[in-house]
Amino acid sequence: MTRQIVIVGAGVVGTAVAAELAVLDGFEVTVLERESGAPRGSTSLAPGLVGIYNEAEILTTLARESADVYASLGAGFARSGGIEIATSTDGAHQLAQRAEQARAAGLHVTETAPGGLPASVAGVVNADHVVAAWHYALDGTAAPAVITAGLRRRAEDAGARFVSGADVVDIIPGTRASVRTRDGQTWAADDVVLAAGVWGPTLAGLVGIELPLVPLAHPYVYGPRRPDLHDGPFLRWPETHSYGRVHGDRIGLGTYDHVPVPVEQDGLDQGTGLAWSADLAPMIDKAQLMLDPAYRFEPEERVNGVFAVTPDNLPFLGPHPEASGVWIAQAIWVTHAAGAARALRRALTGAAPLPPALAVGRFAGRDRQDLTSEALRLYQDIYANDSSATA
C-alpha cells in the first residue's frame, strides 16, 4: 500500500526530507513550494558554513550526517575545514577547551600557530588579532542553492513531485490528512511534514501549535571580486561574534554583534531578503577589523537575511504532540538539514525514535514572552552556545 507524504517547503530542509523518503519502497512524495519563481527563503541567502562540532551532542550528530550527504552529491560542498580564532588569552583558553571537547567527540582538531594559517586565508586575516587558532578538518563550505538542487534531483529521480506556486492555507490532520492551497487544490496525505523555515509559526498555527520560533534579521556582506582569492577554510572569531569565508573570488563577512531584530510573520511577505539597514554598517565595519587592511572592502552586496532561532538553539523535529500524521521540521539550518531529514526518515519508518531534546512540544506551558527573550539572548551568545553559526 502506498504511503503518501506531503512536504510543505522546498528549501534545503524540505528537499532533503523528500530525497530521503522518495527512495523508499511504497512512498509517494509531493513537495509543495509557495513560490512559483525564484526562491525567497533562508536557504537562498545562507552563507554556507558547515561546522560539525556542537556542545549539543545531537547537533554534532546531525551535522556529521549532513556533511556526508552533501559530499555524496558531487557538487556544492567541500571539506574545506573551519578555523576558529582567538583574539585574547582568555579567548584562547576557551577555544582550547572547546577543541578538547570536539576531539573527545571524535573530530580531528589541531591547534595552528598564529603564523601558520593556511595560505588561502593567511593573508586575509589581520595577524594583530590572532592569539591562537584551531583548525577543524571535517568542517566544510557549501553552496546552499547547489546542494538543494542536488537533493531535488535525487528526490525527483526517485519519483518525488515538486509543485510550485502552492501556497498552503489549511491543514486538516488525521489518519488521512488534507492540505489545501490558496488556489483551491487539496492534497491528501498519510503524513504531512512542515518544513517552511522562518514561516514555521504560521504553518504550525494551522495545526494548533504556537511554535516558539523567532525569525531574526542577520547581516552578511560580500566584497568585490579579486583574482588573488581562492576557496579555503571558513573563519570564526567568537569573541567578536563575527565570521567569514572566501566565496570563490570574493570575501563574505557576517556578524552577530548587534541588537537582535525580530521579524514578525507579516514582515516576511516579500521573503527573507529584507531591506538593508544603515544601522548595520558600523557592525560590519567592526567585523572587518578582523581582516588584514589590504582585504577590507566596501561591500558590493549587502544581505539583510532572516533565520530562525529557538529558546534553546535546538531545532523542532518530530511529530505533532497531538495531531496524528503531522510532522514538524523547523528551525533547522543548512548545517543540520540533511542529518535532520535522515533522523525524520528513521522516525517515520519506525527504525529509530527522534531525540526527546528536539521534541516539538518541549516548551509547552511556558510563557511565550519568556521564551522569546531566551531566544533573543541566544542570538548574541550564538558562539558561546555554539549553534554552529550557519544559516
Side-chain angles (χ1 to χ4, degrees), residues 13 42 46 49 51 53-63 94 97-98 101 194-205 207-219 236 238-243 254-268 272 274 279-280 283 304-322 328-337 340 354-391:
V13 177
S42 298
L49 282 62
Y53 178 67
N54 195 289
E55 292 171 9
E57 183 179 355
I58 181 56
L59 292 188
T60 300
T61 298
L62 296 182
Q94 292 172 6
Q97 290 183 317
R98 174 175 151 78
Q101 293 165 354
L194 306 184
V198 295
W199 291 279
T202 294
L203 279 181
V207 291
I209 296 179
E210 186 177 14
L211 202 65
L213 179 156
V214 183
L216 295 175
H218 178 69
R236 292 176 175 168
E239 293 163 277
T240 62
H241 305 285
S242 58
Y243 66 97
T255 180
Y256 296 88
D257 192 20
H258 62 95
V259 175
V261 181
V263 182
E264 299 299 330
Q265 293 291 282
D266 59 9
L268 294 167
T272 59
L274 307 178
D279 294 340
L280 297 171
M283 292 73 177
N304 190 11
V306 181
F307 67 82
V309 296
T310 68
D312 57 5
N313 267 344
L314 294 175
F316 293 109
L317 184 66
H320 190 298
E322 297 175 357
I328 292 178
Q330 301 285 176
I332 302 170
W333 294 3
V334 172
T335 304
H336 308 111
L354 286 160
L358 307 183
V360 174
R362 64 185 183 271
F363 298 111
R366 293 279 308 279
D367 179 77
R368 181 55 186 262
Q369 187 172 349
D370 289 345
L371 292 172
T372 299
S373 296
E374 290 175 19
L376 294 177
R377 178 184 61 80
L378 287 182
Y379 175 81
Q380 291 187 306
D381 292 341
I382 204 156
Y383 284 113
N385 290 276
D386 190 44
S387 77
S388 281
T390 303

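Atom CD of Q265 is surrounded by more than 12 heavy atoms from other residues, nucleotides or ligands within 6.0 Å. Atom CD of Q97 is surrounded by more than 12 heavy atoms from other residues, nucleotides or ligands within 6.0 Å.
Contact detail for L213 and Q330: the closest heavy-atom pair is CD1-CB, 3.7 Å. The nearest pair of heavy atoms linking N304 to A217 is OD1-CB, 3.5 Å. Looking at every heavy atom in both residues, L314 comes nearest to A56 through CD2-CB, 4.0 Å. Closest approach of L376 and L216 over heavy atoms only: CD2-CD2, 3.4 Å. When all heavy atoms are compared, the tightest approach of A359 to F316 is O-CD2, 4.0 Å. Heavy atoms only, all atoms of each residue included: L317 and A340 are closest at CD2-O, 3.8 Å.
Within the 4.5 Å cutoff, no side-chain heavy atoms of H320 are placed close to those of V360. Residues V13 and I332 meet the side-chain proximity criterion, which asks for heavy atoms closer than 4.5 Å. Annotation: side chain of V261 is not in contact with side chain of D279 (no heavy-atom distance under 4.5 Å).
Here the CD-CD distance, from Q94 to E239, works out to 7.0 Å after rounding to the nearest 0.5 Å. Between E57 atom CD and L59 atom CG the span is 10.5 Å, to the nearest 0.5 Å. Rounding to the nearest 0.5 Å places CD1 of I328 at 13.0 Å from CG of L358. Rounded to the nearest 0.5 angstrom, L378 CG and N313 CG are separated by 4.5 Å. Of the inter-residue distances, the one linking T240 atom OG1 with M283 atom CE reads 13.5 Å to the nearest 0.5 angstrom.
Residues meeting the salt bridge (Lys or Arg N to Asp or Glu O under 4.0 Å) test with E322, sequence neighbours left out: none. Taking the side-chain hydrogen bond (donor to acceptor under 3.5 Å, both in side chains) definition, one finds that S373 meets it with nothing, sequence neighbours left out. Judged as a side-chain hydrogen bond (donor to acceptor under 3.5 Å, both in side chains), and not counting sequence neighbours, the contacts of D312 are T310, R362.
In this structure, T60 contributes its side chain and Y53 its backbone to no donor-acceptor pair below 3.5 Å. Judged by distance alone, with hydrogens and angles left aside, the side-chain atoms of R377 form no donor-acceptor pair with the main-chain N or O of T372 at under 3.5 Å. Looking at T272, its side chain never comes within 3.5 Å of a backbone N or O of L268 through a donor-acceptor pair.
Ring orientation note: the planes of Y256 and F307 are nearly perpendicular, at an angle over 60° on the 30°/60° scale.
Separation of the Y379 and H258 ring centroids falls under the 6.0 Å cut-off.
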